[in-house]
Amino acid sequence: MWEFRSMSFWRAVFAEFYGTMFFVFFGLGAALRWTTGPHNVLQVAFCFGLAAATFIQSIGHISGGHINPAVTFAYLIGSQMSLFRAFFYICAQCLGALAGAAVLYGVTPTNMRGNLALNTLQPGISMGMATTIEIFLTLQLVVCVFAVTDERRNGRLGSAALSIGFSVLVGHLLGMYYTGAGMNPARSFAPAVLYRNFINHWVYWVGPMIGAAMGALLYDFMLFPRVRGLSERLAVLKGNKPTEPEAQQETRGEPIELKTQAL
Amino acid sequence: MWEFRSMMFWRAVFAEFFGTMFFVFFGMGAALRWTTGPYHVFHTALCFGFAAATLIQSIGHISGGHINPAVTFAYLVGSQMSVFRAFFYICAQCLGAMAGAAALYGVTPNNMRGTMALNTLQPGMSLGMATTVEVFLTMQLVVCVFAVTDERRNGRLGSAALSIGFSVTMGHLMGMYYTGAGMNPARSFAPAVITRNFINHWVYWVGPMIGAAMGAIFYDFFLFPRMRGFSERLATLKGSRPPEAENQQETRGEPIELKTQTL
């Protein structure tokens with residue numbers, strides 16, 4: 001486990017903790033029931049989306065700016081990071097989410113806490129429906145993440161962080177009416193732990209993880225295939241190639257001009 | 001004090017005055033109680049955020065586009081500008097904020113002035129809670145500012161000004177429910193002076209300054225360490241290094257490809 005001894009690895013893990021902590025703090029903070037009515041969805045969606053954009057911008061060059069266990073899982077499925085790193089990222093994200101929610105709980109007046117924006121299925125939504133929604137929400141996010149961080153692209157991408165933030169925004173604009181728009185298991189996990197309410201909580205892990213896996217496979221094997229042998233993929237998962245995992249994490253500014261292979 | 005004799009320095013100071021004046025004019029203008037109801041927060045948050053983005057875009061290449069004493073303080077803590085320059089920037093920002101608020105006062109009908117969007121603690125907020133929220137609000141802003149202006153980065157940044165603007169928007173979307181979202185001591189200072197109401201005003205200086213210092217130290221020493229010796233930092237604070245001090249202020253368009261040092 002060469003990564004264990006690398007300071008940049010631990011900085012990346014802590015960056016994920018920081019990013020997820022603040023993402024949950026600001027996102028849940030805006031999602032509390034300060035007002036009622038339809039406008040609340042627009043405002044909350046913007047806050048989550050812009051929070052994602054801001055924190056990905058802040059830590060993207062350090063850890064890759066996942067701030068979402070589902071995105072980390074997608075990178076794992078796509079063989080773009082080692083198991084070891086993925087495990088620590090997901091732990092850091094869950095702990096960061098808990099920390100953010102706990103601080104928010106502490107600074108919010110008692111009468112306004114409600115259920116701390118706990119994600120629940122809306123009336124009339126069955127578990128199958130909800131899981132399908134979560135899959136779609138996360139699938140679009142993961143494909144967007146993979147597309148904007150693909151080092152083979154050399155077009156006018158604009159801001160990778162902002163693109164991902166708007167992808168989160170879109171997901172919330174629709175998803176909040178169905179499932180509260182989980183998309184991010186850590187975000188759903190934090191208030192569930194604080195309130196010890198895990199009813200239907202599995203939907204917010206299974207849905208996003210399936211969506212993430214589908215997104216990774218769709219992008220890496222079908223939309224814009226990355227041709228790599230099994231042994232090479234296995235080596236990355238084991239963490240045997242120090243340079244590639246590091247390089248893969250950061251969004252690059254000067255991608256190599258590669259011609260798309262016509263299949 | 002070599003900076004005193006440099007016309008570029010005074011242009012930068014005036015740019016900060018201009019930037020903060022217009023930021024406060026437009027931000028506070030939108031924050032007045034033109035309407036009651038739920039859209040107020042969303043409306044105001046977008047205006048502050050876009051005002052920040054616009055003005056940072058306008059003066060970023062001249063002064064670094066701080067328009068916020070807390071951001072200036074963060075640069076000071078990060079040893080990226082001299083004490084002399086920081087002092088003049090903060091004075092210019094406070095004066096600019098007051099000028100903007102005074103102009104707004106003059107063009108607003110009597111019955112609409114209200115408290116001139118004075119920042120106050122919301123019901124149920126204690127001083128400790130409010131200060132903590134202000135620390136979080138400003139820390140995320142500062143980390144974002146440092147990340148997007150880091151000349152060592154070479155990623156798909158997109159627009160630095162827009163990223164910072166969205167960071168401000170996101171802070172307002174959540175913070176307005178707690179403290180009115182100060183984040184910027186000059187913005188809180190201006191209406192306090194005009195209405196001569198300084199109740200709990202210290203929260204809007206102490207919170208942001210602590211958050212700024214934490215953000216600067218966190219980014220510069222932990223997340224993405226900048227390897228500079230003590231003597232070099234001291235020289236910058238004294239203003240003994242003219243070329244570096246100038247260069248640090250501006251966001252660059254062609255960052256030098258620097259490899260992050262692995263510790």
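All chains are named by letter (A, B, ...) in the order of the sequence lines, taking the proteins before the strands, and each is independently numbered beginning at 1.
The two residues A:Ala30 and B:Met174 make their nearest non-hydrogen contact at N-CG, 3.8 Å.
Residues A:Thr108 and B:Tyr178 meet the side-chain proximity criterion, which asks for heavy atoms closer than 4.5 Å. When side chains are defined from C-beta on, B:Tyr177 does not count as touching A:Leu32, because their heavy atoms never get closer than 4.5 Å. Between A:Phe46 and B:Leu173, some side-chain heavy-atom pair lies under the 4.5 Å cut-off. The closest side-chain heavy-atom distance from B:Val143 to A:Tyr18 is below 4.5 Å. Within the 4.5 Å cutoff, the side chain of A:Gln57 has no heavy atoms near those of the B:Ser167 side chain.
Of the atoms belonging to B:Leu162, it is side-chain heavy atoms, and not backbone ones, that fall under 4.5 Å from chain A. Only the side chain of A:Ile59 comes within less than 4.5 Å of a heavy atom of chain B; its backbone N, CA, C and O stay farther away. Heavy atoms of B:Met176 lying under 4.5 Å from chain A are absent altogether. Contact of B:Phe218 with chain A is made through the side chain alone, with heavy-atom distances under 4.5 Å.
Note that OG of A:Ser63 is 8.5 Å distant from CG of B:Leu223, once rounded to the nearest 0.5 Å. In this structure, CZ on B:Phe224 lies 12.5 Å from OG on A:Ser58, to the nearest 0.5 angstrom.
Interface check for chain A: of the options B:Leu137, B:Ile164, B:Thr169, the most heavy-atom pairs under 4.5 Å are formed by B:Leu137. If you tally non-hydrogen atom pairs under 4.5 Å between each of A:Ala53, A:Pro109, A:Gly29 and chain B, the highest count goes to A:Pro109.
Partner of B:Met170 under the side chain to side chain contact (heavy atoms under 4.5 Å, CB included) criterion, chosen from A:Phe22, A:Phe48, A:Phe23, A:Phe55: A:Phe55.
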